[in-house]
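Taking it in order: structure first as structure tokens, then the write-up.
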Amino acid sequence: MPPSPPPGTRDLYPLEAARRRFLTEAWRRVSIRHGFEEVDGPTFEHADLYAVKSGEGILGELFQAFSGKSPEEVERVKQSGRGPYALRPEFTPTLARMYAARAASLPKPAKWFMAGPFFRAERPQRGRLREFLQWNVDVLGLDIPQEMWNVKHAASREAVAEAKARMDAECISCCVAFLETVGLTPADVRVRLNDRAIVENWLHGFGVERDRVPSAFALLDQRERASSMGELASRSKAAGIESEAFLAYLTQPTGTMAPPSGVSIDAEFSALRGQLEALSIAEWIDVDLSIVRGLAYYTGTVFEVIALGERAVAGGGRYDNLVELFGGPPTPAVGFAMGDVVISLLLQDKGLMPKDEELMEAAGARPDAFVIAAKDDLDGAVLALLSRLRREGLHARRSYKATRNVGKLLKDAAAVRARIVIILESPTTANVKHLDRAEQQGPMPLDEAVEIAQQWTAERIGEP
RNA sequence: GUGGCCGUAGCUCAGUUGGCAGAGCACCUGGUUGUGGUCCAGGACGUCGCGGGUUCGAGUCCCGUCGGUCACCCCA
């Protein structure tokens, strides 16, 4: 038996690679269409980068990395169980680091996206692997003068809140636009929206201590997965949260959570709701007060895309302190990430993944021209013609079969879905056949054949 | 880390109370003297995940082990 790939990784054969290409291309197109610029960073980072602010859970799931070059290093890794580096489990710390390093010279706001591989050392299961692709879309900074970004006095507070709402909405609309382009509808997926800053205010109102807020968020996050409200209550006690008001709020009957009494959701979310309506994507959005997300660094808006029966398709939020934490200027930022695993399952289930042939064609796998020799002693001519066609920019192939049976060779050409076949009759003449149209011309001089091949190939741009 | 289910050809899977290891798809060759997705004939492909045990005989029964998968924990 040949060795199998490591757990939680995937081998991609041509069709699967085409499937992945379909997804990453859709990500790219949507991002660029929405004015985001592509960036990328290293696939491994100093492990400390993730210790700063990622949240407790993530640290236990890091793939440790080290060079192994010096015995001392190896010994340190053995002793501590930790490497000096870690394969990246998420992008946001890298992004914050990158922005912080060049903040002064970057456009305000900076709109960045990337798509690449990420790694988490978890036990694989449905919708969750150890190596996966993730699409990250972020807006760093605001569209108002930088000196206003973090002013706290009442006069500017409203303008800042509105600017943040605009940036939040840009991210969310980019995400929704992707869902839309792959054929999903608001009936298939929902965007659940909440604001941690608002929830935090309520928590203070309930009498939850400031240092207990992260624990309270974690409890809210676990609420939907908890087996019983009693279990939540005991976990709450265990976390050292005394507030009865919080407990009552946390354990209210399942379903959409009601806000605490005397609070108007519409008033709290008015700025962002206004933006989402202006972008005409409001029908995708549900305000859901139980969404807080697991990451420690979120400070305001949080949202996730969910589909019935799957784990979250995408998730994100506002992280206004992170850039500063990495030595940059105070920079409000917002972003989201989408993994390839869950969205692929969803598209598969909904029948929205294009057919195999369409995928291969979209990936450029369909040959423009297929060259065959009808007679012996034309092998040299086949190679010369192939080379010429390829130099012209065409995807050109030949048969690897030994037979001179033209019927067999045409079958070979059809099997790889070539558009046209050039049948060499002699070193200088050929027939040209259009496979889809069953149309053939020739025999003719090679120059003419190449010209027709180019003509017919150029028509592919207009094909459905 | 814990638990359920599953391991037979490259893929999807049959395989009877224990009795010669199979089908479809895919792949290769041919249907000879030049026109395609169909068709026909043939071929290659297996340590039945691996190791042990029971038995005259094990893909089948028992034990162990490895791998996959789903769920728990956790959730970026």
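Below, read A as the first sequence line, B as the second, and so on, with proteins coming before strands; counting in each chain starts at 1.
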Can you check whether A/F178 and A/W135 have ring centres sitting under 6.0 Å from each other? yes

Inter-nucleotide P distance (B/C25, B/G42), Å rounded: 14 Å

Can you name the closest pair of heavy atoms from A/W456 and A/E439 and give their distance? CZ2-OE2, 3.6 Å

If you look at every strand shown and take non-hydrogen atoms under 4.0 Å, does A/D221 touch a base, only sugar-phosphate, or nothing? sugar-phosphate

Name the atoms and distances for all side-chain donor-acceptor pairs under 3.5 Å in residues 210-219 of chain A, with sequence neighbours left out.
{"from": "A/R212", "atom 1": "NE", "to": "A/A239", "atom 2": "O", "distance (Å)": "3.1"}

Applied to residues 7-22 of chain A, the side-chain hydrogen bond (donor to acceptor under 3.5 Å, both in side chains) test, sequence neighbours excluded, yields A/R10-A/D340

Output the rounded distance in Å from CG (A/D412) to P (B/A26). 14 Å

Could you work out which one of B/C75, B/U35, B/G36 sits closest to the side chain of A/K411? B/G36

Expressed in whole Å, how much space separates the P atoms belonging to B/U2 and B/A9? 30 Å

Which sits closer to the 5' end of RNA chain B, A/P5 or A/Y298, going by the nucleotide each is nearest to? A/P5

List the residues meeting salt bridge (Lys or Arg N to Asp or Glu O under 4.0 Å) with A/E45, not counting sequence neighbours, and say none if there are none. A/R97

Dot-bracket notation for RNA chain B, counting Watson-Crick and G-U pairs under 3.5 Å, with | for partners on another strand: (((((((..((((.....[..)))).(((((.......))))).....(((((..]....))))))))))))....

If the C1' atom of B/A41 is compared with that of B/U32, how far apart are they to the nearest Å? 16 Å

Can the ring centres of A/F113 and A/W27 be said to be less than 6.0 Å apart? no

Checking A/R397 against A/F370: charged group under 6.0 Å from the ring centre and within 45 degrees of the axis? no

How far, in whole Å, is B/U60 from B/C6 if one measures between their P atoms? 15 Å

When rounded to the nearest Å, what value does the distance between P atoms of B/G18 and B/C62 take? 11 Å

Select base, sugar-phosphate, or nothing to describe what A/K375 touches, counting heavy atoms under 4.0 Å on all strands. base

For nucleotides B/C13 and B/G59, find the distance between their C1' atoms and express it as a whole number of Å. 14 Å

When you get a sec, tell me which of B/G36, B/U35, B/G30 is the closest nucleotide to the side chain of A/A438? B/G36

With rounding to whole Å, what would you report as the distance between B/C5 and B/A44 at their C1' atoms? 34 Å

Quick one: which residue pairs count as a side-chain hydrogen bond (donor to acceptor under 3.5 Å, both in side chains) with a foot in residues 76-85 of chain A, not counting sequence neighbours? A/E75-A/Q79

Taking only Lys NZ, Arg NE, NH1 and NH2, and the carboxylate oxygens of Asp or Glu, determine whether A/R419 and A/D436 approach each other closer than 4.0 Å. no

Identify which nucleotide among B/G31, B/G68, B/G36 has an atom closest to any side-chain atom of A/K408, counting heavy atoms from C-beta outward. B/G31

Nucleic acid contacts - residues 123-133 of chain A versus RNA chain B, non-hydrogen atoms under 4.0 Å: A/R123, A/Q125, A/R126, A/R128

Write down the distance between CD (A/Q222) and P (B/C74), rounded to a whole number of angstrom. 6 Å

Could you tell me whether A/L409 contacts a base, only the sugar-phosphate backbone, or nothing, with contacts defined as non-hydrogen atoms closer than 4.0 Å? nothing

If I take atom CD1 in residue A/I420 and atom P in nucleotide B/G36, what distance separates them, rounded to the nearest angstrom? 18 Å

Nearest-Å distance once atom P is located in both B/C11 and B/G7: 15 Å

Quick one: do A/D195 and A/R293 make a salt bridge, cutoff under 4.0 Å? no

Starting at CD of A/E90 and ending at P of B/C75, how long is that distance when rounded to a whole Å? 14 Å

Using atom CD of A/E122 as one end and atom P of B/U2 as the other, report the distance to the nearest whole Å. 17 Å

Upstream residue (5' side of RNA chain B) when A/G315 and A/R417 are each assigned their closest nucleotide: A/R417

How long is the line joining CZ of A/F370 and P of B/G37, in whole Å? 14 Å

Is the ring pair A/F206/A/Y249 parallel, tilted or perpendicular, if the boundaries are 30 and 60 degrees? tilted

Whole Å only: how far is the CG atom of A/L220 from the P atom of B/C74? 15 Å

Students often get this wrong, so: under 4.0 angstrom with heavy atoms, is A/A374 touching a base, only sugar-phosphate, or nothing? base

Can you figure out which of B/G36, B/C74, B/U29 approaches the side chain of A/K401 most closely? B/U29

Interatomic distance where CZ belongs to A/R419 and C1' belongs to B/G37 [whole Å]: 16 Å

